[in-house]
Amino acid sequence: MSRLIEHDSVKAARILDSARELAVEHGVRKVTIAEIAAAAGVGKGTVYLYWETKEDLFVGLAAREVLAWIDTVNTQIDQDPQAILPRRLAPLLLRTAQGNPWLRWLRSDDSALRQLLHRPADQKRFAEASPSAMGNAVLTILRDHGIVRDDLPLPRQMYALHALLVGFGNVMADPAAAGPLNIDDPETALADTVHLLLEPPRDPAARVVAQAAEEVRARFTEIHGNLLELVAAGAAGTR
């Protein structure tokens, strides 16, 4: 599937936008196809022209959000391979996710998404696109190129990085939670902390960074392609 259906259908785009807004406001479980259709200004039958079930619609929507996130990150890597350095990548990932209310909601209630993933192939594709799986893949690549320290076990590094990003994400989303410790540039504080946590004392050569960036981008592109297949599989009339 080279193009998403909303690229060719204004109605499909409106349906997706309405489903996204209703899910963030009320949660996937409570939203009905009738409500989505009414919000989009179409009939229920029109929704079913594009998606056979509510589950297909919301799984496809979740996949689209991750696709957009990967596109943003890959664009940054294309423009500057140095973006894969942990001290650069961590703020980029957090900034991209923080700016998307749907992704924030998915992280806070991923059980709702899991309940929608009835097909084993869908479960596998979303597992590969999870933050932990992609983080593990990226850190493995960076360790292989000497961009990340290898004197600590990878699982320990992943756990520490995850906890760090969750903590920074929570405080950045609600600056008042930091109280008197609040600062003007939390991304710099995150970058400094990640640098101390993961990176060796010397910066890698540009050639090494470029090679690693190519591998990271290839991994993200592979995940992107798998999610596009998932979106195609959920479209009405494809099964």
Side-chain angles (χ1 to χ4, degrees), residues 24 62 65-110 129-217 219-220 223:
V24 171
E65 299 301 327
V66 180
L67 286 169
W69 179 86
I70 292 174
D71 284 338
T72 299
V73 174
N74 271 349
T75 297
Q76 291 295 317
I77 294 174
D78 286 343
Q79 293 174 350
D80 181 9
Q82 296 283 328
I84 66 160
L85 294 176
R87 64 180 180 268
R88 295 271 305 277
L89 189 59
L92 169 62
L93 300 183
L94 200 56
R95 185 188 322 123
T96 305
Q98 287 292 115
N100 188 316
W102 172 259
L103 287 177
R104 292 202 305 270
W105 176 81
L106 281 178
R107 289 203 310 273
S108 66
D109 190 19
D110 66 347
S130 69
S132 59
M134 288 197 287
N136 187 78
V138 170
L139 280 191
T140 299
I141 292 170
L142 298 185
R143 280 171 61 110
D144 288 345
H145 287 275
I147 297 173
V148 165
R149 294 166 49 189
D150 61 1
D151 56 331
L152 294 173
L154 179 60
R156 191 185 302 176
Q157 288 177 321
M158 275 299 307
Y159 182 90
L161 181 60
H162 173 74
L164 186 65
L165 290 176
V166 169
F168 267 87
N170 289 339
V171 175
M172 289 168 66
D174 180 18
L181 298 178
N182 208 355
I183 58 176
D184 293 332
D185 190 6
E187 286 194 10
T188 297
L190 173 59
D192 292 342
T193 306
V194 170
H195 174 56
L196 293 171
L197 175 68
L198 294 176
E199 298 182 20
R202 290 186 176 182
D203 285 343
R207 172 184 53 81
V208 173
V209 173
Q211 291 173 345
E214 185 176 343
E215 292 183 29
V216 169
R217 195 191 188 293
R219 179 57 182 149
F220 282 162
I223 295 170

For this session: Quick one: pull up CG in Leu142 and CG in Leu85 and give me the separation to the nearest 0.5 Å.
Result: 8.0 Å

For this session: Find the distance between CD (Glu215) and CD1 (Ile84) and round it off to the nearest 0.5 Å.
Result: 9.0 Å

Problem set entry | Distance (rounded to the nearest 0.5 Å) between Thr96 OG1 and Ile70 CD1 | 11.5 Å

Seminar exercise, completed: The reported gap from OG1 in Thr72 to CG in Leu93 (rounded to nearest 0.5 angstrom) is 11.0 Å

Problem set entry | Residue pair Ala210 / Pro81: nearest heavy atoms and the distance that separates them | CA-CB, 4.3 Å

Exercise. If you measure from CG on Leu161 to CG on Leu154, what distance do you get to the nearest 0.5 Å?
Worked result: 10.5 Å

Problem set entry | Non-hydrogen side-chain atoms of Leu190 and Leu165 separated by less than 4.5 Å | yes

Problem set entry | Intermediate values then yes/no, side chain to side chain contact (heavy atoms under 4.5 Å, CB included), Glu214 and Val209 | CA-CA 9 Å; Glu214 185 176 343; Val209 173; over 6 Å; no

Problem set entry | Residues Asp78 and Arg217 bridged, charged N to O under 4.0 Å | yes

For this session: Answer yes when Arg143 and Asp151 have at least one side-chain N-carboxylate O distance shorter than 4.0 Å, and no when they do not.
Result: no

Exercise. Can you find a pair of side-chain heavy atoms, one from Pro153 and one from Arg156, that are under 4.5 Å apart?
Worked result: yes

Problem set entry | Donor-acceptor under 3.5 Å (Asn136 side chain, Ser132 main chain) | no

Exercise. Taking all atoms of both residues into account, what is the closest heavy-atom pair of Pro204 and Ile147, and its distance?
Worked result: CG-CG1, 3.9 Å

Exercise. Between His145 and Val208, what is the shortest heavy-atom contact and its length?
Worked result: O-CG1, 3.3 Å

Problem set entry | Which atom of Arg219 lies closest to which atom of Ile141, heavy atoms considered | CB-CD1, 4.5 Å

Exercise. Do Asp192 and His195 touch side chain to side chain, with heavy atoms closer than 4.5 Å?
Worked result: no

Exercise. What are the two closest heavy atoms between Pro200 and Gly146, and how far apart are they?
Worked result: CG-O, 3.6 Å

Problem set entry | Flag side-chain contact, heavy atom, 4.5 Å: Met134 against Trp69 | yes

Seminar exercise, completed: Between Met172 and Leu94 the two heavy atoms that sit nearest each other are SD-CD2, 3.6 Å

Exercise. Can a donor-acceptor pair be found between the side chains of Gln76 and Arg88 at a distance below 3.5 Å?
Worked result: no

Problem set entry | Nearest-0.5 Å distance, CD of residue Gln211 to CG of residue Asp144 | 12.0 Å

Exercise. Going by an N to O cut-off under 4.0 Å, is there a salt bridge joining Glu199 and Arg149?
Worked result: no

